[in-house]
Amino acid sequence: MEINNSIKHFFKVATVEYKLSLASEFVYRWQVLMWVVSDAIQPVIFGTLWVSVSKSGFSEVPTNYIISYYFLVVIVSRLTQDWSIQFVSNSIIDGDFAKYLVRPFNYLAEMFGISLAIRTLRIILMIPLILVAFIYLGNRISYDLNTLNVCLFIGSAILGFVINFFLGNIFALVAFFIKQVVGLRALYVNLVSILSGEYIPLKFLSHGMLFIFQLLPFRYVLSFPIEILSGDLNLSSIRDGYLIGALWLAVLFFVYKAMFRYSIKKYESEGI
Amino acid sequence: MYYIKVWIDIVRKSLGKNLAYRFEFVSKIVRMVFLLAIQVLVIKAIYQNTNSIAGWDISDYYLLLGVYNLVNYVSWGVFNVNLWRIEEKVLKGEFDFLLLYPTGSVFAAAFSEFFLDDAIAAVSGLALITYYFFNNYEILTVTGIIGGIIAIFAAFIIWFSLHLAVASFNFVSPKNGFMDLLHSLTRTASVPIDIFSDITRYVMFSLFPVAFIAVVPVRILTGVYSLNFVIFSCLIALLSFMLSVTIWRATIKSYTSAGG
């Protein structure tokens, strides 16, 4: 009963924060539009590069597969991206985090709402670009679209977002110990990009590296949803992926709780 | 000479400030090593089943990334961060102080601070270039090397001009997102541009000259492009610099020092 009330309270706060943040995001919608276009450029660059690899004789990698993969990278990365790492670490560094300690709700509810609001606007602004790209690329894109796959894809995208949310918030807690986090934050973003399959589709890795990447939580942030919709995985592989993803989610949840309990004792609310 | 003396003083002061944040400095060095490892991993994955991508072999790609890293990170250390911060200064009304400097608004805005922790990542570029030189010194010529070095200097000017022109739009409309867009678009300079379509390559050699950031210097160094491209690089650098300063002067008239 208590857990139910806590969850209801969490989502109630997140909903209010979502509405407030969405209104705030709309004020600078042109800047957000530029950000949406900017975020799409890197997948286009890597997609074009891998298409060239395919045309250079790497016949195991059909060109259409690469185009379909990177088309989905643009979409899935928006669905699973989380922004709380910047907000939380900045508020800790500025000394602002103290306000969350006296509020009658967990700051994660606010971060969750903010993250969803930013995502909503970016997805809205991205839709026309995606439609234009889809029309342009036309028959070069192909997915294994059936009801089951689409449902599994949506589920995996939600799982990926929640995993990314916890990963980001765990990393943000580093700011309690180290105030100079700009370099570390950039390092974290690059780490996620490589391990999630944005730079190199995991399919192109050697068996040994693929095994390691598949065990890490970052695969679920980007590659796993794409692999489902691309038809790369059979049902038992999808089931295994969901199990590992769910296990990581549980691990990250407990790691976050333990780290927060330890970190908050160090906090002195000093701003720099 | 005056501007060089002023800049050397700025660098001295900035070094003291940068080294006070030792952990940040060390974490950026770690990030540089990690980024270099990622770049090498990506290149090895790309070339695992082929010897050439759009006419570029693996050692050419290392050299391309080396030149790109060198131009990119030195630029971040010398002027990019300052140009990014123009938006914040305009919004807070702090840009007025820069207009009072005796060095002129462009110098004051672009070179007000030096960021060693960003510039240090250029070592990754030097490492890749040195690796190329050791493995391919027999194909290099003195004229090619000199031409390549001149083209790299031209690349710095082109990079600066692009960022100055885009940053100046903050006077007209702050929070426009153009710098983020430019940051993403300049990443196209880190890949062999021959992978793009003819129209895209035409644009990259003309209207948006990112081909001159890394591809042209590398092709001059390796002797693929003739030394005429050194003259083209210098011309493009001069034209882009003049255009960017014109845009700056036109847009700064819109600055109203509102602040807050």
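Order of the sequence lines fixes the chain letters, A, B, ..., with proteins taken first and strands second; residue numbering starts at 1 for each chain.
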More than 12 heavy atoms of other residues, nucleotides or ligands under 6.0 Å from [atom1] of [X]: is that the case?
X	atom1	value
B/Phe156	CZ	yes
A/Phe177	CZ	yes
B/Ile199	CD1	no
B/Lys44	NZ	no

>> What part of B/Leu35 gets within 4.5 angstrom of chain A, counting heavy atoms only: side chain, backbone, both, or neither?
In response: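 Side chain only.
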
> With only heavy atoms counted, which part of B/Glu87 is less than 4.5 Å from chain A, the side chain, the backbone, both or neither?
Replying inline: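 For B/Glu87, the side chain is the part near chain A, not the backbone.
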
With the side chain counted from C-beta on, respond yes when [X] and [Y] share a heavy-atom pair under 4.5 Å apart, and no when they do not.
X	Y	answer
B/Asp180	A/Met34	no
B/Val42	A/Ile194	yes
B/Ile195	A/Val51	no
A/Trp50	B/Ile46	yes

Could you report the tightest heavy-atom contact between [X] and [Y], atom names first, then the distance?
X	Y	value
A/Ala186	B/Arg31	CB-NE, 3.4 Å
B/Phe196	A/Thr48	CD2-CG2, 3.8 Å
B/Ser27	A/Leu184	OG-N, 3.9 Å

Distance, nearest 0.5 Å, that separates [atom1] of [X] from [atom2] of [Y]:
X	Y	atom1	atom2	value
A/Leu205	B/Gln48	CG	CD	8.0 Å
B/Leu182	A/Ser38	CG	OG	9.0 Å
B/Ser173	A/Tyr28	OG	OH	9.5 Å

Residue part contacting chain B, namely of [X], when any heavy atom lies under 4.5 Å:
X	result
A/Ile41	side chain
A/Ile200	side chain
A/Trp30	backbone
A/Leu191	both
A/Val32	neither

>> Tell me whether A/Gln42 contacts the main-chain N or O of B/Arg187 through its side chain, where contact means a donor paired with an acceptor under 3.5 Å.
In response: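 No; judged by distance alone, with no hydrogens or angles, the pair does not exist.
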
>> Heavy-atom pairs under 4.5 Å with chain B: which of A/Leu33, A/Asp39, A/Val44, A/Leu49 has the most?
In response: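 The residue among A/Leu33, A/Asp39, A/Val44, A/Leu49 with the greatest pair count is A/Leu49.
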
>> Sub-4.5 Å heavy-atom contacts with chain A: which residues of residues 51-67 of chain B show up?
In response: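 The residues closer than 4.5 Å to chain A, in numerical order, are B/Ser52, B/Ile53, B/Ala54, B/Tyr61.
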
